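Throughout, protein chains are lettered first and strands after them, A, B, ... in sequence-line order, and every chain is numbered starting at 1. Remember, predicted model here, so these are calculated numbers, not experimental data.
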Amino acid sequence: MKQDKNYWLLKSEPNCYSIDDLKRDKKSVWSGVRNYQARNFIRDNMKKGDGVLFYHSNSNPSEVVGIAKILTNPFADPTVFEKRNEQYDQKSTIENPIWYAVDVGFVKKFKTPITLQKIKSDNSLKNMTVAQKGSRLSVMPVLQKHFHFFENL
DNA sequence: GCCAACGTTGGC
DNA sequence: GCCAACGTTGGC
C-alpha cells in the first residue's frame, strides 16, 4: 500500500445522509458499498488520514458540499452481518470479507458548495471523474491538485 | 463465454 | 419522469 495520502470523492444522497448529518454526528460508518470497483478502491487504496470530498448526488443541484476525512483503515462491512440484511447469507466473514467499510469524520462544510455544473465548466476541475459522463461510482479517487482546490476554499 | 433482459444510478 | 450508462443475472 502506498505511503502517500490519498484523496476521494464520496457520494451520498442528501435525503439519505447529508453533510449536515455528518456534521451533527461528527463521524459515521461508511458502509453498504456493493459495487466491486468501489470496493476495490476502499479495500486496496483507502486508509486512515485520507482526504474526502463530500458530494451530494441525486440532488438539486448535485454538488460538492464539504470536506471529510478517513478515520480508519478499511474493515469488514458490518451491515453484511445484519440478519435482516439481504447480504446476510453470503460467504463474507470477518477474516475474509467481501465488502468493506471505513469510518468517515466531518471536517468542514462549505459556505458555498461547488456544483457539478461549476466543476464541468472550470478548466482546472472539468477532468475530475465525477464530471465525466456515466460515472456512477459512489467512491472515486480524486487528484491531490483537485482536492487542494476544495480544501483551500 | 456470449449476450439479452433486467435493475440501478444519477444527471437533467 | 426520462433516459443514458453502466452492472448483474441467467439461459444457452
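Taking a cutoff of 4.0 Å between a charged side-chain nitrogen and a carboxylate oxygen, A/Arg24 and A/Asp21 qualify as a salt bridge. A salt bridge is absent between A/Asp77 and A/Arg39: the closest approach of a Lys/Arg side-chain nitrogen to an acidic carboxylate oxygen does not fall below 4.0 angstrom.
In terms of modelled atom types and a separation under 3.5 Å, the side chain of A/Lys69 and the main chain of A/Lys48 share no donor-acceptor contact. Under the 3.5 Å distance criterion, the side-chain polar atoms of A/Asn35 are matched with a main-chain donor or acceptor of A/Ala38. Looking at A/Asn6, its side chain never comes within 3.5 Å of a backbone N or O of A/Met46 through a donor-acceptor pair. Looking only at distances, no side-chain donor or acceptor of A/His56 sits under 3.5 Å from a matching main-chain atom of A/Asn15.
Between the CZ atom of A/Arg34 and the C1' atom of B/dG7 there is a distance of 17 Å, given to the nearest Å. Atoms CG (A/Asn35) and P (C/dA5) sit 18 Å apart, rounded to a whole Å. Summarising the geometry, the separation between CG on A/Leu137 and P on C/dA5 is reported as 16 Å, rounded to the nearest angstrom. The distance between atom CD1 of A/Ile98 and atom P of C/dT8, rounded to the nearest whole Å, is 13 Å. To the nearest angstrom, P of B/dG7 lies 14 Å from CZ of A/Arg136. In this structure, the CD atom of A/Gln37 is 10 Å from the P atom of C/dT8, given to the nearest Å. When rounded to the nearest whole Å, the span between CG of A/Asn60 and P of C/dG1 equals 15 Å. The distance from atom NE2 of A/His56 to atom C1' of B/dC12 is 19 Å, rounded to the nearest whole Å.
Here the nucleotide nearest the side chain of A/Lys133, chosen from C/dA4, C/dT8, C/dG7, is C/dA4. Considering only the side chain of A/Asn58, B/dG11 comes nearest among C/dG7, C/dA4, B/dG11.
In this structure, A/Ser62 does not reach the B/dG10 phosphate: none of its side-chain N or O atoms is under 4.0 Å from OP1 or OP2. Contact annotation: A/Tyr36 side-chain N/O to C/dC6 OP1/OP2 distance is not under 4.0 Å.
Contacts between residues 115-125 of chain A and DNA chain B, defined by a heavy-atom separation below 4.0 Å, involve A/Leu116, A/Lys120, listed by number.
Between A/Tyr7 atom OH and A/Leu53 atom CG the span is 10.5 Å, to the nearest 0.5 Å.
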